[in-house]
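Shown next, in structure tokens, is the structure this report addresses.
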Amino acid sequence: AYAAAAMTAMMKTEEMERKGVAKKPLFVAMENLFPESYGAHPDELIDLVKGSQEKMKVQLMQKGFSENEAQKRAETHIGATFDTGHFNMWKKYWRGDPNKNIEENEKGFSNWFLNQVEKLAKSGVVKHIHMVDNYGYQDEHLAPGQGNTPIKEAVAIFKKNGFKGDFIVEAGADYTTDSSGFNTMTKAWNYMGNSIY
């Protein structure tokens, strides 16, 4: 199904390119949702994306594309969205070491989180990142830096591994206290060290 949707995205991209209105190729993005959902774990997400890319490649080769061109198009039109907040929610299933204190167990979870991010970054499947924070138990949609998600470290890992996709700050909680998401953006810029002042 993902391969079929990506074929449509490819055709729509070609149509937009002919009209001169395409800014970048359309792609199908599978997002890591909550830990209880299939595809939320990096191993599952990588398998979903790469498996769907392989299906699209086969379909394109059946239409006469070379193997290299089919692979390139599949990789262009199928990818993943990595949501930092959703991934931080694995914390509620983290089993700490009873012989360690809270701080040591928090560090253990962060190390696991960042090792998994490294695996995702090296796989090359992520094309889009949602920067959003929480405390690991609910999808609170806090501005980056307002919870305990290691967002800065995750961004650094993706950049180190050549990530060229989009970063989206997902406003959410601030809409209940502000008239817009601008407050979320200023918090995010400040957290990432890019002060606008």
Side-chain angles (χ1 to χ4, degrees), residues 1-90 113-134 139 141 144 149 151 154-172 181 184-185 188:
Y2 292 125
M7 294 285 273
T8 301
M10 182 186 79
M11 290 184 287
K12 187 66 176 170
T13 298
E14 290 169 350
E15 177 187 319
M16 291 167 51
E17 286 171 345
R18 284 191 298 275
K19 292 178 181 177
V21 295
K23 293 183 180 174
K24 58 174 73 173
L26 298 175
F27 67 93
V28 173
M30 295 159 232
E31 183 172 347
N32 62 308
L33 293 176
F34 307 122
E36 301 81 12
S37 305
Y38 184 78
H41 191 280
D43 293 340
E44 297 168 349
L45 189 59
I46 291 166
D47 285 346
L48 269 173
V49 171
K50 289 192 179 268
S52 298
Q53 288 173 344
E54 184 62 27
K55 292 281 187 192
M56 183 177 180
K57 180 177 99 172
V58 168
Q59 290 175 15
L60 288 169
M61 288 170 62
Q62 290 169 348
K63 293 181 179 292
F65 287 83
S66 71
E67 185 173 357
N68 284 342
E69 183 61 22
Q71 182 68 39
K72 180 181 169 192
R73 287 180 183 241
E75 289 172 0
T76 297
H77 296 288
I78 299 176
T81 294
F82 178 67
D83 185 296
T84 58
H86 292 168
F87 195 59
N88 197 47
M89 289 171 60
W90 280 94
F113 181 109
L114 295 171
N115 286 334
Q116 297 300 311
V117 166
E118 183 89 37
K119 183 191 311 181
L120 270 173
K122 286 181 176 177
S123 76
V125 301
V126 176
K127 295 178 173 291
H128 189 249
I129 295 174
H130 287 174
M131 295 170 54
V132 59
D133 214 341
N134 61 42
D139 192 23
H141 275 257
T149 308
I151 297 170
V155 167
I157 288 169
F158 275 105
K159 286 186 172 186
K160 176 185 85 176
N161 285 281
F163 180 78
K164 301 274 190 253
D166 295 322
F167 290 95
I168 303 297
V169 174
E170 278 196 326
T184 299
M185 287 306 302

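Note that these values count all heavy atoms, side chains included, but never hydrogens, waters or copies made by symmetry.
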Once rounded to the nearest 0.5 Å, what's the spacing between atom [atom1] of [X] and atom [atom2] of [Y]?
X: H41; Y: D47; atom1: NE2; atom2: CG; value: 10.5 Å
X: T13; Y: R18; atom1: OG1; atom2: CZ; value: 10.5 Å
X: N32; Y: I46; atom1: CG; atom2: CD1; value: 11.0 Å

Give a yes or no on whether a salt bridge exists between K57 and E54, defined as a side-chain N under 4.0 angstrom from a carboxylate O.
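Counted as a salt bridge, because a side-chain N and a carboxylate O are separated by less than 4.0 Å.
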Between K12 and E15, is the closest basic N to carboxylate O distance under 4.0 Å?
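Between K12 and E15 there is a salt bridge, with a charged N closer than 4.0 Å to a carboxylate O.
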Please check if atom [atom1] in [X] has more than 12 non-hydrogen atoms from other residues, nucleotides or ligands closer than 6.0 Å.
X: E14; atom1: CD; answer: yes
X: K159; atom1: NZ; answer: no
X: F65; atom1: CZ; answer: yes

When you measure from the side chain of [X] to the backbone N and O of [Y], does any donor-acceptor pair fall under 3.5 Å?
X: T84; Y: H130; answer: yes
X: E31; Y: D83; answer: no
X: N161; Y: K122; answer: no
X: H77; Y: L26; answer: yes

Looking only at heavy atoms, which two atoms of [X] and [Y] are closest? And how far apart?
X: V117; Y: I157; value: CG1-CG2, 3.8 Å
X: L48; Y: Y2; value: CD2-CE1, 4.0 Å
X: L45; Y: L120; value: CD2-CD2, 4.2 Å
X: Q116; Y: F87; value: CB-CZ, 3.5 Å
X: A3; Y: M56; value: CB-N, 3.6 Å
X: W90; Y: A40; value: NE1-O, 3.6 Å

Under 6.0 Å between ring centres, would you say that holds for F167 and F158?
no
Taking the six-membered ring for Trp, are the ring centroids of H128 and F82 within less than 6.0 Å of each other?
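Ring centroids of H128 and F82 are no less than 6.0 Å from each other.
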Starting from the C-alpha separation in whole Å, work towards a yes-or-no answer on side chain to side chain contact (heavy atoms under 4.5 Å, CB included) for K24 and D166.
CA-CA 11 Å; K24 58 174 73 173; D166 295 322; 3.0 Å; yes
Answer whether the closest heavy-atom distance between the side chains of V132 and H86 falls below 4.5 Å.
no
Stepwise, does the side chain to side chain contact (heavy atoms under 4.5 Å, CB included) test hold for K119 with D43?
CA-CA 9 Å; K119 183 191 311 181; D43 293 340; 2.7 Å; yes
Residue pair E75 / Q71, side-chain donor-acceptor N/O under 3.5 Å:
yes
What's the verdict on side chain to side chain contact (heavy atoms under 4.5 Å, CB included) for M7 and L60, showing C-alpha distance, side-chain angles and the deciding distance?
CA-CA 9 Å; M7 294 285 273; L60 288 169; 3.6 Å; yes
Test side chain to side chain contact (heavy atoms under 4.5 Å, CB included) applied to F34 and M89, step by step
CA-CA 7 Å; F34 307 122; M89 289 171 60; 3.6 Å; yes
